[in-house]
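Position 1 is the first residue of the sequence; numbering continues from there.
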Amino acid sequence: MRIILASNSPRRRELLSGLDIDYEIRIMPNIAEDYPADLPAEEVAEYISREKAAAYLPTLADDELVITADTVVILDGEIIGKPHSLDEAKQMLHRLSGKKHRVVTGVCLTTTQRQHAFSAKTDVQFSPLTDEEIDYYVEKYQPLDKAGAYGVQEWIGYVGVTALEGSYFNVMGFPVQRVYQELKKFG
């Protein structure tokens with residue numbers, strides 16, 4: 001099977017490359033990431049990964065497998081998405097400061113013959129962050145393309161994350177260990 005990663009995320013590319021599996025990138029623009037309002041927060045990432053896969057399905061050859069994924073940050077039962085501005089990023093980080101939140105990544109493996117979707121969940125504890133720390137991170141790094149406005153693999157993760165329960169790579173946006181196991185099972 002030819003593997004296709006349907007993602008613009010440099011972190012997903014980096015992690016899949018670490019498996020030493022040949023793959024190609026295929027990007028379809030303007031895929032909606034909407035979900036039903038009554039869908040439980042922990043099911044949203046997997047739902048969106050399936051929706052992304054549905055958009056790719058008509059373009060797949062019989063020997064291709066596409067990997068789609070979506071990551072959400074959940075705080076107190078509410079999804080914290082990607083910020084639209086630096087001010088919104090700062091607000092998100094203030095909300096996460098000193099609290100535990102959950103990161104859920106949904107992944108969907110799809111061929112013309114079958115599909116398998118799954119989710120990985122990781123609980124992340126942040127220490128209290130000062131205004132100066134949040135300002136420094138937001139101004140020096142690029143939080144606008146990240147769910148929850150942070151990258152665990154960046155400075156804020158080094159100084160702010162005090163505990164993880166689950167996959168570190170899942171918090172980066174791609175539970176690579178689980179993806180590898182699921183690819184083996186998928187055939």
Side-chain angles (χ1 to χ4, degrees), residues 1-74 77-85 88 92 102-122 142-153 166-187:
M1 295 295 281
R2 291 178 34 222
I3 296 176
I4 298 159
L5 178 62
S7 178
N8 269 326
S9 168
R11 293 158 298 281
R12 288 187 183 128
R13 292 176 186 184
E14 173 190 352
L15 292 170
L16 186 58
S17 293
L19 293 179
D20 292 336
I21 294 172
D22 290 331
Y23 70 94
E24 64 183 77
I25 300 294
R26 190 177 300 167
I27 305 299
M28 292 180 67
N30 304 318
I31 295 177
E33 295 189 4
D34 301 327
Y35 54 89
D38 62 344
L39 191 64
E42 295 215 4
E43 295 176 21
V44 167
E46 189 173 322
Y47 177 88
I48 292 173
S49 75
R50 286 180 191 267
E51 291 294 299
K52 289 178 179 178
Y56 281 86
L57 185 57
T59 71
L60 292 181
D62 288 340
D63 66 339
E64 293 179 327
L65 177 147
V66 67
I67 302 172
T68 53
D70 192 71
T71 301
V72 298
V73 170
I74 303 169
E78 178 189 343
I79 293 177
I80 309 295
K82 295 177 185 174
H84 297 99
S85 68
E88 188 178 9
M92 287 180 179
R102 178 164 279 181
V103 177
V104 180
T105 301
V107 178
C108 191
L109 308 177
T110 304
T111 67
T112 58
Q113 301 300 311
R114 63 186 181 141
Q115 182 176 82
H116 174 62
F118 58 91
S119 294
K121 299 171 181 148
T122 305
Q142 299 168 357
L144 299 184
D145 72 333
K146 297 173 180 77
Y150 78 94
V152 69
Q153 73 281 5
S167 167
Y168 170 82
F169 298 113
N170 182 51
V171 182
M172 284 180 67
F174 199 63
V176 67
Q177 310 97 325
R178 178 85 184 269
V179 169
Y180 179 75
Q181 294 302 321
E182 298 293 342
L183 282 169
K184 282 181 20 179
K185 285 191 248 178
F186 202 79

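- Residues Ala53 and Cys108 share a closest heavy-atom pair of CB-SG, 3.8 Å.
- Separation of atoms CD1 (Ile3) and CG (Leu183) is listed at 5.0 Å; rounding is to 0.5 Å.
- Side-chain atoms of Ser49 and Asp70 include no donor-acceptor pair closer than 3.5 Å.
- Heavy-atom minimum distance, Met92 versus Ala149: SD-CB, 3.9 Å.
- Proximity of Arg13 to Asn8: side-chain heavy atoms (C-beta onward) are separated by under 4.5 Å at one or more points.
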Discussion item. Show, in sequence, the C-alpha distance, side-chain angles and deciding distance for Ile31 and Tyr56, and conclude whether the side-chain contact (heavy atoms from CB on, under 4.5 Å) test is met.
Written reply: CA-CA 10 Å; Ile31 295 177; Tyr56 281 86; 3.4 Å; yes
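- With Glu182 contributing its side chain and Arg178 its backbone, the two residues share no donor-acceptor pair below 3.5 Å.
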Worksheet item: Can you check side-chain contact (heavy atoms from CB on, under 4.5 Å) on Lys52 and Met28, steps first, answer last?
Response: CA-CA 9 Å; Lys52 289 178 179 178; Met28 292 180 67; over 6 Å; no
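- Atom-to-atom distance recorded for Arg11:CZ and Thr71:OG1 is 9.0 Å, nearest 0.5 angstrom.
- Residues Glu42 and Ser119 have side chains that never bring a donor and an acceptor to within less than 3.5 angstrom of each other.
- Under the 3.5 Å distance criterion, the side-chain polar atoms of Tyr180 are left unmatched by any main-chain donor or acceptor of Pro175.
- Between Tyr23 and Ile4 the shortest side-chain heavy-atom distance does not fall below 4.5 Å.
- Between atom CG of residue Leu5 and atom CD1 of residue Ile25 there is a gap of 4.0 Å, rounded to the nearest 0.5 Å.
- Between Asp145 and Lys82, the shortest heavy-atom contact is O-CE, 3.7 Å.
- Open room surrounds CD on Gln142; 12 or fewer heavy atoms of other groups in view lie less than 6.0 Å from it.
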Practice prompt. In sequence, state the C-alpha distance, the side-chain angles, and the governing distance for Ile67 and Phe174, and then conclude on side-chain contact (heavy atoms from CB on, under 4.5 Å).
Written response: CA-CA 11 Å; Ile67 302 172; Phe174 199 63; 4.0 Å; yes
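- Closest approach of Val104 and Ala45 over heavy atoms only: O-CB, 3.6 Å.
- Between Thr110 and Leu65 there is no side-chain heavy-atom pair separated by less than 4.5 Å.
- Salt-bridge annotation for Arg12 and Glu14: absent, with no side-chain N of the basic residue lying under 4.0 Å from a carboxylate O of the acidic one.
- At distances below 3.5 Å, at least one donor-acceptor pair connects side-chain atoms of Glu64 with backbone N or O atoms of Ala61.
- Between Thr105 atom OG1 and Glu46 atom CD the span is 11.0 Å, to the nearest 0.5 Å.
- The neighbour count for Asp22 CG, taken as heavy atoms of other residues, nucleotides or ligands under 6.0 Å away, does not exceed 12.
- No side-chain heavy atom of Thr122 sits less than 4.5 Å from a side-chain heavy atom of Arg102.
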Discussion item. side-chain contact (heavy atoms from CB on, under 4.5 Å), that's the test. Do Arg26 and Thr59 meet it? Break it down for me.
Written reply: CA-CA 10 Å; Arg26 190 177 300 167; Thr59 71; 3.8 Å; yes
Discussion item. Under the criterion side-chain hydrogen bond (donor to acceptor under 3.5 Å, both in side chains), I'd like the reasoning laid out for Ser167 against Gln177: C-alpha separation, chi angles, the key distance, then a yes or no.
Written reply: CA-CA 8 Å; Ser167 167; Gln177 310 97 325; 3.2 Å; yes
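- With a 4.5 Å cut-off on side-chain heavy atoms, Phe118 and Val179 count as touching.
- Taking every heavy atom of both residues into account, Thr112 and Leu57 meet most closely at CA-CD1, 4.0 Å.
- A 4.5 Å side-chain heavy-atom check between Val171 and Tyr150 finds at least one atom pair inside the cut-off.
- With values rounded to the nearest 0.5 angstrom, Ile21 atom CD1 is found 13.0 Å from Met1 atom CE.
- Residues His116 and Lys185 form no side-chain contact, since every pair of their non-hydrogen atoms from C-beta on lies 4.5 Å or further apart.
- Looking at every heavy atom in both residues, Val103 comes nearest to Asn170 through O-ND2, 3.2 Å.
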